[in-house]
2 protein chains.
Amino acid sequence: MQGGRPGVRRVRMIDVANSLGLSRATVSLVMRNSPLVSEATRNAVLAEAERLGYIYNQAAANLRTQRNDLVGLVMPDVMNPFVAEVSLGVQEVLGEVGFFVMIANTVDRVGLQRQILGSLVGHRAAGVVTIPALTATADDFAGLRQSGLPTVLLLRRIDGVDLPFVGTDEAAIGRLGAEHLTAVHGCRRVAYFGGDPLASPRVGRMESFRRAVTEAGAGWDAAWSQPLDATADAAYRRAAELLEAGPPPDGVLCHSDNVAYGLAKALRLGTPEAAPCAVLGIDDLHQSAMWNPSISSIATDPVELGRVCGRVLLAEMGMPAEGSRVPPAPEMHARASCGCHRATRPAGRAG
Amino acid sequence: MQGGRPGVRRVRMIDVANSLGLSRATVSLVMRNSPLVSEATRNAVLAEAERLGYIYNQAAANLRTQRNDLVGLVMPDVMNPFVAEVSLGVQEVLGEVGFFVMIANTVDRVGLQRQILGSLVGHRAAGVVTIPALTATADDFAGLRQSGLPTVLLLRRIDGVDLPFVGTDEAAIGRLGAEHLTAVHGCRRVAYFGGDPLASPRVGRMESFRRAVTEAGAGWDAAWSQPLDATADAAYRRAAELLEAGPPPDGVLCHSDNVAYGLAKALRLGTPEAAPCAVLGIDDLHQSAMWNPSISSIATDPVELGRVCGRVLLAEMGMPAEGSRVPPAPEMHARASCGCHRATRPAGRAG
DNA sequence: CCTTCGGTTTAGATCGATCTAAGTTAGCCC
DNA sequence: GGGCTAACTTAGATCGATCTAAACCGAAGG
């Protein structure tokens, strides 16, 4: 709630108009590229505006027109490469039709999220795409709902909030992972490793994974399937701890590639060559192919996911939106960490 | 340039006022928590506002007060974890004094950057922090300069633009890298690997690195020091290519950790055990410690860098800013990739 | 009883744009 | 010359708030 420049008086439309003996309305028409003004006037106005250093005040225009071109993308973690890439898709679709997408970072704190959403409502933004903070509840979205601000929930569901939702196909991810581990690698005992218990994707994925894996006759390792922060570091420490206690399951679906990185490091640390463990990540970050061993991962095209999200928001705003509104299907990208490809020269297999 | 809700008529301050037989001014005072209104009126107003579903219009207020709480953080790549973390620091410092920081993504395209900066000026933002797009020139900032919008340049310098600048200490980074490779590891032939030729940090780092390394009596490998996209993939391909042609230098300072990842993968691929190569990254991303081999890296605390940047912007806006306005000094974080620590069990040394 | 005073409240102008409906031209045709 | 049209241009209200300066009001003071 600060700002504003000191110094010389700002120049307004009326200054340009007076300076030319025209009315504000005419200058306004020029600024908006209306075909109603003659070429001569248009040029004169543009030249004079330039000369006076006039800067169009979009904020004032927005107030009058009751319109806004700002769309807020509210997310808990800009550092997560997956969501960062999703933002590209959102921006692509919305930018195309003239919206201005800006990202606000909640750092996964509900208080901050609340404040940001409130600010967006107060500024009369055109729309909001949000990945809710982990501990968010329906209450946190009550204000949003009431304000009528077009909103799309991304990636994380919230109980009791019936806003449109766009996310990855968790059931398919679980099934893909299960099938790959059991059918391709013949795993006999598996786990779902990592992920915050509050994260809605975890629930869906783990459930379908566990069902599919059980149907395939594999055992479930409950100890390895406890929830956990979705960071590489937390995964590393937990895995190291569990490895002390005994051999790992022979197949693990990790909550994210980040988690897989931590697990891969722990496995490298001390697993006897005799107990190989097939590791699968989720998200397929760019780096996963660079990793040693390269990380097998279940990918959902993040940019396309973002585009879908953008289109759903457009629809929500009552605008035409061409293209699919169904999130892309996940795909298995098999590499070395599950044992599909040999690891590169000097290092051994994944586990 | 769209948006606006359909449905019932919006409720304004005057509606709340009329409904209570008060004036707009009084309601306005309540909304701004002025001590001028009596407790009784305040409560009545708040209750009535709640009842009518009134939502304060910050945009209208901003127009009248000529103030704004929006600060734009304009960056070329939200997916880069280093800059993402810098944004945390900026947000921390500015959020503390009531500013609302939002991030806009230029995807390193000057056209888009121009458009975004223009939009920020047009919306009368309170200030801007920007990491210029790679190909940006002074022209791209002419409008910004003229508008008087308080601006800070982050990480990348632009010739001919005298806006305040905050960035890492490139000379120190070059020196640290040189010293580590020559004095600690006794490297005899080194290179600076990767980085776009247009990126201003590359120039500063490489220059000081080369000077220090030459003074220490080590040779310079020009072929390995050619510029290159700062991605892991580009680094991998280039390194693989160069390795075909002959042995690598025995010490390499990489433009970033991402570049180091690519190089590490290439080295794993085919280096004969006989030709070890010490690899150093820059930025020390969180993942670098997880890598195999763990990546040695020269770190500048990104969050603190962001804080410094926020403080410089505050000063630029004529506001008090407590705390340092000098970027933190870089530090060497030695791990396995340069040979400082043994790599973890199964794999061999870095190269 | 009138004045003064501090605590509240308010009318009217204002921020910088857009919109509506009406006004001004010039040109053309009969 | 008058009427009509097409092409521009404009005055005044408006968006939803804040600001200034003045008004109101009950109590205390003279």
Side-chain angles (χ1 to χ4, degrees), chain A residues 1-5 9-45 48-49 52-69 119 121-126 147, chain B residues 1-5 9-45 48-49 52-69 119 121-126 147:
Chain A
M1 216 65 46
Q2 315 282 350
R5 252 85 45 246
R9 181 155 179 66
R10 304 165 301 283
V11 6
R12 312 170 309 253
M13 253 185 194
I14 198 173
D15 299 316
V16 178
N18 287 343
S19 166
L20 286 166
L22 288 173
S23 73
R24 291 160 301 147
T26 305
V27 178
S28 174
L29 290 173
V30 171
M31 291 304 160
R32 285 176 291 156
N33 289 313
S34 159
L36 291 178
V37 287
S38 70
E39 202 54 31
T41 337
R42 152 165 290 115
N43 293 334
V45 167
E48 191 64 7
L52 297 179
Y54 168 70
I55 296 171
Y56 181 78
N57 189 327
Q58 183 67 55
N62 287 348
L63 172 60
R64 178 64 241 245
T65 59
Q66 302 283 54
R67 242 165 283 189
N68 200 345
D69 58 353
S119 204
V121 170
H123 279 95
R124 300 292 189 269
S147 76
Chain B
M1 214 67 47
Q2 315 282 351
R5 252 88 42 247
R9 181 156 178 65
R10 304 165 301 282
V11 8
R12 313 169 308 248
M13 252 184 196
I14 199 172
D15 299 315
V16 178
N18 286 344
S19 166
L20 286 166
L22 288 173
S23 73
R24 291 159 301 150
T26 306
V27 178
S28 174
L29 291 173
V30 171
M31 291 305 162
R32 285 176 290 155
N33 289 314
S34 160
L36 291 178
V37 287
S38 71
E39 203 54 30
T41 335
R42 153 165 290 117
N43 292 335
V45 167
E48 191 65 8
L52 297 179
Y54 169 69
I55 296 172
Y56 181 78
N57 190 327
Q58 183 66 55
N62 287 347
L63 172 60
R64 178 64 240 246
T65 58
Q66 303 283 52
R67 242 164 283 185
N68 200 344
D69 57 353
S119 204
V121 171
H123 279 95
R124 302 293 190 268
S147 76

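Protein chains get the first letters and strands the later ones, always in sequence-line order, with residue 1 at the start of each.
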Return the polar atom pairs (N/O with N/O) between nucleotides 20-23 of chain D and the protein under 3.5 Å, or none.
none

Does [N] have its OP1 or OP2 closer than 4.0 Å to a side-chain nitrogen or oxygen of [X]?
| X | N | result |
| --- | --- | --- |
| A:R32 | C:dC19 | yes |
| B:R10 | D:dG16 | yes |
| A:S38 | D:dT9 | yes |
| B:T41 | C:dT9 | yes |
| A:R12 | C:dA17 | no |
| A:Q66 | D:dG16 | yes |
| B:T26 | C:dT10 | yes |

(message) Test of understanding: with side chain to side chain donor-acceptor pair (under 3.5 Å), list the residues that count as partners of B:R64, not counting sequence neighbours.
(response)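 By the side chain to side chain donor-acceptor pair (under 3.5 Å) rule, B:R64 matches no residue at all.
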(message) Going by the rule side chain to side chain donor-acceptor pair (under 3.5 Å), which residues pair with B:T65 if we only count those two or more places apart in sequence or in a different chain?
(response)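 Counting only residues at least two positions away or on another chain, B:T65 forms no side chain to side chain donor-acceptor pair (under 3.5 Å).
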(message) Please determine whether any donor N or O and acceptor N or O are separated by less than 3.5 Å between the side chain of A:R24 and the base of D:dG12.
(response)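 When only heavy-atom distances are counted, A:R24 does reach the base of D:dG12 through a donor-acceptor pair under 3.5 Å.
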(request) Return the 5'-most residue of the pair B:G21, B:R64 with respect to DNA chain C, ranking by each residue's nearest nucleotide. (result)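 Its nucleotide being nearer the 5' end, the pick is B:G21.
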(request) Let me know, please, whether A:T65 or B:L63 comes out on the 5' side of the other along DNA chain C by nearest nucleotide. (result)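 Comparing both residues, the 5'-ward one is B:L63.
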(message) What contact category does A:I14 fall into here, base, sugar-phosphate, or nothing, at under 4.0 angstrom with non-hydrogen atoms?
(response)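 If one applies the 4.0 Å heavy-atom cut-off, A:I14 turns out to touch nothing in the nucleic acid.
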(message) For B:R124 and A:I55: C-alpha separation, side-chain torsions, deciding distance, then whether side-chain contact (heavy atoms from CB on, under 4.5 Å) applies.
(response) CA-CA 10 Å; B:R124 302 293 190 268; A:I55 296 171; 3.4 Å; yes
(request) Give the C-alpha distance, both sets of side-chain angles, the deciding distance and a yes or no for side-chain hydrogen bond (donor to acceptor under 3.5 Å, both in side chains) between A:H123 and B:D69. (result) CA-CA 10 Å; A:H123 279 95; B:D69 57 353; 3.3 Å; yes
